[in-house]
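Please read the structure below before turning to the comments.
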Amino acid sequence: MIKKQNLIYAAMATLAGITISCGQNRQQLNYPQAPMDNSVTDNYEGLIVADPYRPLENDTAPATLEWVKAENALTESYLSAIPYREKIRKRLTDLNNYKKTGLLSKEKDGKYYYYQNDGLKNQSVLYRTDNPNEEGTVFLDPNNLSEDGTVALQGVMMSNDGKFTAYVISRSGSDWNEIYVMDTESGKLLDDHIEWAKFTDAQWAGNGFYYSAYPRPEVGKEFSNANENHQIYFHQLGTPQTQDKLVYEDQQNPLHFHSAYVPESEDFLFVMASGQGNGNSIIFKNLKNGGDWVTMEPTQDYEIGIVDVSGNEALIVTNYNAPNNRVMKVDLSNPAKENWKEVIPQGDSVIKGVYPAGGRLLVQIEKDASDKLYEYDPDGLLIREITLPSYGSVGISADKDSDEVYYSFSSFTSPSSIYSLDLKSGESKLIHQTEVGGINPDDYITEQVFYPSTDGTKIPMFLTYKKGMEKNGQNPVYLYGYGGFNISLTPTFSPSRLLWLENGGIYAQANLRGGSEYGEEWHQAGTKLNKKNVFNDFISAAEYLISNNYTTPDNLVIEGGSNGGLLVGATVNMRPDLFKVAIPQVGVMDMMRYHLFTIGWNWASDYGRSDDSKEMAEYLYSYSPLHNIKNDGTVYPAILITTADHDDRVVPAHSFKYAAQLQASDTGDAPKLIRIDSNAGHGGGKPTAKRIAESTDIYSFIFNNLGLEPKTE
């Protein structure tokens, strides 16, 4: 039960002066007073939880907007006083200013397409060429879709006859999508335009495509209200959206996601439902012969991904009775799971993806949080392993009807390089090597260690640093983690991270439970009533780095985003003594109410919900970052919270309320600031200029609070 009465908006405090003694970490900050209502409480079967900063959930209220303005002014005042901030900005700009080329993809029109950014463009440009060995011409430039680069391409889908191309965009980082259509050959934009789509692509069939959308949201609440009733429509080219045909909805389950899949043959329409389980259900219908929906899997108990459909047979990857995934065939005339036939069994490592190519199967395996690539025949017989350079991540571009295969490889110290693969010999040929000016990857090394968590579980962690680093206990360490939603952290390249490495810092990436690094069992070990395993894994990573003389608490920085922001917030409350600086980004900070906003209800399969049971409510409350901030003089690390006004994945109210509570609590003198970006969202599609600006502020905050002045030349 929620009580709301006598709503009081406290007057906004006048922003006072700020003084900084660089390198000595002495700050005097006067934090703005947030709007409050001390009468608001929630009752979870006898567990009474106060929520005084509930007014901040209304992100369009005048009082909230004034508070945001005051907080940003305070943060900017603090950061602008750091003398080397602009030098950091310049160095990060230089590090990001290199040519980035994506994978080649041969499309239905017989041409080759690839993304490329010549350096500092806000968004990568899509090019096409007749010859894979020649430079292409611009096919679609998203930088022309907005003045500030905040319109991002989310997907480009060509019709099976190659005549038309649909592309999906998002604006200002929002999850809301729009779909446009262009003539492929001429590039001319058609009149077709879809609005208020979400979590969708365009699945072509005949003279149109299927897409997923929610009902049009309430004006003014587009980025905060809960999204319900995800529907699938068919849009026929040349007609307005108002005439689109509703193909599928499930009003009995308004909190399900629904996505469509149509194979190249256009014989079937598959509908996958997810959102309230650990996997997805699948139904399908025959588009050629008509008929009713047929159920392949009725529950959301297992993950099922369709790899390919040939004739009346589907190839799938699933964790049904296989926590590490396996490849199976499904006879669509008899599709119940007890009739599925195994092609590639599960092994000790996780099957991450399967790509049909020229009569073969390329299988991406994740072993100890690093990608491996194998080639199989159609019957599941292993042919060979494709040798990769080192620890890293792989991207694959392949077509079942073509022998042409391309893949990318990147690591912590090497940006994406593009290779062509000869399926007959298994040999790879480097066709594009990306170089970052002034940086030699050979100057750095990555090692993998395995450390014990609180319960003895061995957790893998990557450590990247300059060659010659000494274990003297004084190295600055940037520890990153996520630990959730069956998502793994494999080695990836970040140009901005090079600033940290070239200044002698160690980058540590811990592969916590809750992810998919070791399959579904590893995932489940970090969910619901096991969630604290994730925090203990992260704390144990810090303790390992300290006890093995890599660093000390006074040199240790932690960072995480989204679910990783929750991780940072929770571990700071549990062990504030372990860290000097903490950067929780776009974090889930209110575990009692997260399910009430946009698509937060979807996270219940990992977190559980406060209205599930009293036990679940008490467990969530016991680690919720917002509700466990100490107020007794316990010294907390310096904290910079980041969020954005268009984040409709993890709404900014999480960070707003957390920042307000943190600033109002007695946690020592280290700064507790919040950076609230405008015209930005959860992170996807963020333009280059905004990414550099955010990294500039984060690194400036980190170096200042470590008492270090970075070398930037």
Side-chain angles (χ1 to χ4, degrees), residues 75 79 88 92 412 461-465 475-484 487 489-501 503 505-512 514-515 534-535 537-542 544-546 550-551 553-576 578-589 625 636-644 647 650 654-655 658-659 662 670-675 677 682-683 686 690-706 708 710:
T75 299
L79 293 170
I88 286 179
L92 289 175
F412 289 119
M461 178 166 59
F462 291 108
L463 303 175
T464 301
Y465 47 83
N475 298 294
V477 171
Y478 199 125
L479 174 61
Y480 180 85
Y482 186 79
I487 294 172
L489 294 181
T490 55
T492 55
F493 181 75
S494 164
S496 296
R497 191 188 299 138
L498 291 173
L499 174 72
W500 182 255
L501 295 175
N503 274 280
I506 299 172
Y507 176 73
Q509 185 166 292
N511 296 101
L512 316 173
V534 183
F535 312 140
D537 291 352
F538 202 51
I539 289 169
S540 295
Y544 173 89
L545 291 165
I546 294 166
Y550 287 97
T551 193
D554 281 340
N555 292 287
L556 187 51
V557 180
I558 55 172
E559 192 262 338
S562 193
N563 175 72
L566 159 65
L567 170 71
V568 171
T571 53
V572 164
N573 287 335
M574 293 168 69
R575 289 294 306 276
L578 273 182
F579 318 112
K580 187 68 172 179
V581 183
I583 313 291
Q585 296 187 279
V586 293
V588 186
M589 300 309 206
Y636 268 46
I639 299 175
L640 178 63
I641 306 153
T642 69
T643 187
D647 189 347
V650 180
H654 282 279
S655 294
Y658 174 71
L662 194 62
K672 315 298 187 305
L673 298 172
I674 182 169
R675 183 187 190 276
D677 207 348
H682 198 59
K686 182 174 289 189
K690 283 187 173 292
R691 287 191 284 107
I692 292 174
E694 183 178 53
S695 294
T696 295
D697 291 349
I698 289 173
Y699 280 113
S700 296
F701 184 85
I702 289 172
F703 280 115
N704 184 66
N705 284 283
L706 291 181
L708 301 174

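One is the number of the first residue; the rest follow in order along the sequence.
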* **Listed partners of Tyr507 passing ring-ring contact (aromatic ring centres under 6.0 Å, His included), at least two apart** => Phe412
* Search all heavy atoms of Leu479 against all heavy atoms of Ala510 and return the closest pair with its distance. => CD1-CB, 4.3 Å
* Asked: Just how far is it from atom OH of Tyr480 to atom CG of Leu512, taken to the nearest 0.5 Å?
  -> 10.5 Å
* **For Ala508 against Leu545, the heavy-atom pair lying closest together** => CB-CD1, 4.1 Å
* To do: Look up atom CD1 in Ile88 and atom CG in Asn704, then write down how far apart they are to the nearest 0.5 Å.
  => 9.0 Å
* Show your working on side chain to side chain contact (heavy atoms under 4.5 Å, CB included) between His654 and Thr643 and close with a plain yes or no. => CA-CA 9 Å; His654 282 279; Thr643 187; over 6 Å; no
* Which residues pass the salt bridge (charged side-chain N to carboxylate O under 4.0 Å, His left out) test with Asp697, sequence neighbours left out? -> Arg85, Arg675
* Between CG on residue Leu501 and OH on residue Tyr478, distance to nearest 0.5 Å -> 11.5 Å
* **Option passing side chain to side chain contact (heavy atoms under 4.5 Å, CB included) with Ile698 (candidates Val557, Leu79, Ile583)** => Ile583
* To do: Output all residues satisfying side-chain hydrogen bond (donor to acceptor under 3.5 Å, both in side chains) with Arg497, sequence neighbours left out; order by chain, then residue number.
  => none
* Side-chain contact test, heavy atoms from C-beta onward, threshold under 4.5 Å: evaluate it for Lys580 versus Asn555 and give yes or no. => no
* **Which atom of Pro637 lies closest to which atom of Phe579, heavy atoms considered** => CB-O, 3.2 Å
* Asked: Quick one: side-chain hydrogen bond (donor to acceptor under 3.5 Å, both in side chains) partners of Tyr550, sequence neighbours excluded?
  -> Glu447, Lys471
* Structure fact -> To the nearest 0.5 Å, atom CG of Leu463 lies from atom CD1 of Ile506 at 7.0 Å
* Verdict with supporting geometry, Ile639 and Tyr658, side chain to side chain contact (heavy atoms under 4.5 Å, CB included) -> CA-CA 11 Å; Ile639 299 175; Tyr658 174 71; 4.0 Å; yes
* Asked: Looking at CG of Leu662 and CE of Met589, how far apart are the two atoms once the value is rounded to the nearest 0.5 Å?
  -> 9.0 Å
* Between Val581 and Leu706, does a side chain to side chain contact (heavy atoms under 4.5 Å, CB included) hold up when you go through it step by step? -> CA-CA 8 Å; Val581 183; Leu706 291 181; 4.2 Å; yes
* To do: Check whether any side-chain heavy atom of Thr464 sits under 4.5 Å from a side-chain heavy atom of Trp500, and report yes or no.
  => no
* **Pairing residues for Val568 by the side chain to side chain contact (heavy atoms under 4.5 Å, CB included) criterion, not counting sequence neighbours** => Ile558, Val572, Ala582, Pro584
* Tell me, please, which residues at least two apart from Asn511 pass side-chain hydrogen bond (donor to acceptor under 3.5 Å, both in side chains). => Glu517
* **Side-chain (Asn563) to main-chain (Val588) donor-acceptor, under 3.5 angstrom** => no
* Asked: For Asn503, what residues pass the side chain to side chain contact (heavy atoms under 4.5 Å, CB included) criterion, not counting sequence neighbours?
  -> Leu499, Phe703, Pro710, Lys711
* Structure fact -> One should read off an interatomic distance between Asp537 CG and Met461 CE, to the nearest 0.5 angstrom, of 11.0 Å
* Asked: Taking the side chain as C-beta and beyond, is there a heavy-atom pair between Ile641 and Leu673 under 4.5 Å?
  -> no
* Counting N and O atoms only, with roles assigned by atom type, does the side chain of Asn573 sit under 3.5 Å from a partner on the main chain of Pro625, one being a donor and the other an acceptor? -> yes
* To do: Mind listing the closest non-hydrogen atom pair of Pro576 and Met574 along with its distance?
  => CD-C, 3.6 Å
* Asked: When you look at Asp677 and Lys690, which way does the side chain to side chain contact (heavy atoms under 4.5 Å, CB included) test go after all the steps?
  -> CA-CA 9 Å; Asp677 207 348; Lys690 283 187 173 292; 3.1 Å; yes
* **Non-hydrogen atoms of Ala542 and Leu578 that approach each other most closely** => CB-CD1, 4.1 Å
* Counting N and O atoms only, with roles assigned by atom type, does the side chain of Asn705 sit under 3.5 Å from a partner on the main chain of Phe701, one being a donor and the other an acceptor? -> yes
* Asked: Excluding sequence neighbours, so at least two apart, what forms side-chain hydrogen bond (donor to acceptor under 3.5 Å, both in side chains) with Ser562?
  -> His682
* With sequence neighbours left out, what residues match Ser540 under side chain to side chain contact (heavy atoms under 4.5 Å, CB included)? -> Tyr451, Ser453, Thr454, Glu543
* Got Pro553 and Ile546 here, is their nearest side-chain heavy-atom distance under 4.5 Å? -> yes
* List in chain and number order the residues that pass side chain to side chain contact (heavy atoms under 4.5 Å, CB included) with Ser695, two or more places apart in sequence or in another chain; answer none if no residue qualifies. => Leu92, Ser496, Tyr699
* Please answer whether the main-chain N or O of Ile674 pairs with a side-chain N or O of Thr75 as donor and acceptor at a distance below 3.5 Å. => yes
* Structure fact -> Looking only at heavy atoms, the pair that brings Arg575 and Ile539 closest together is CG-CD1, 3.7 Å
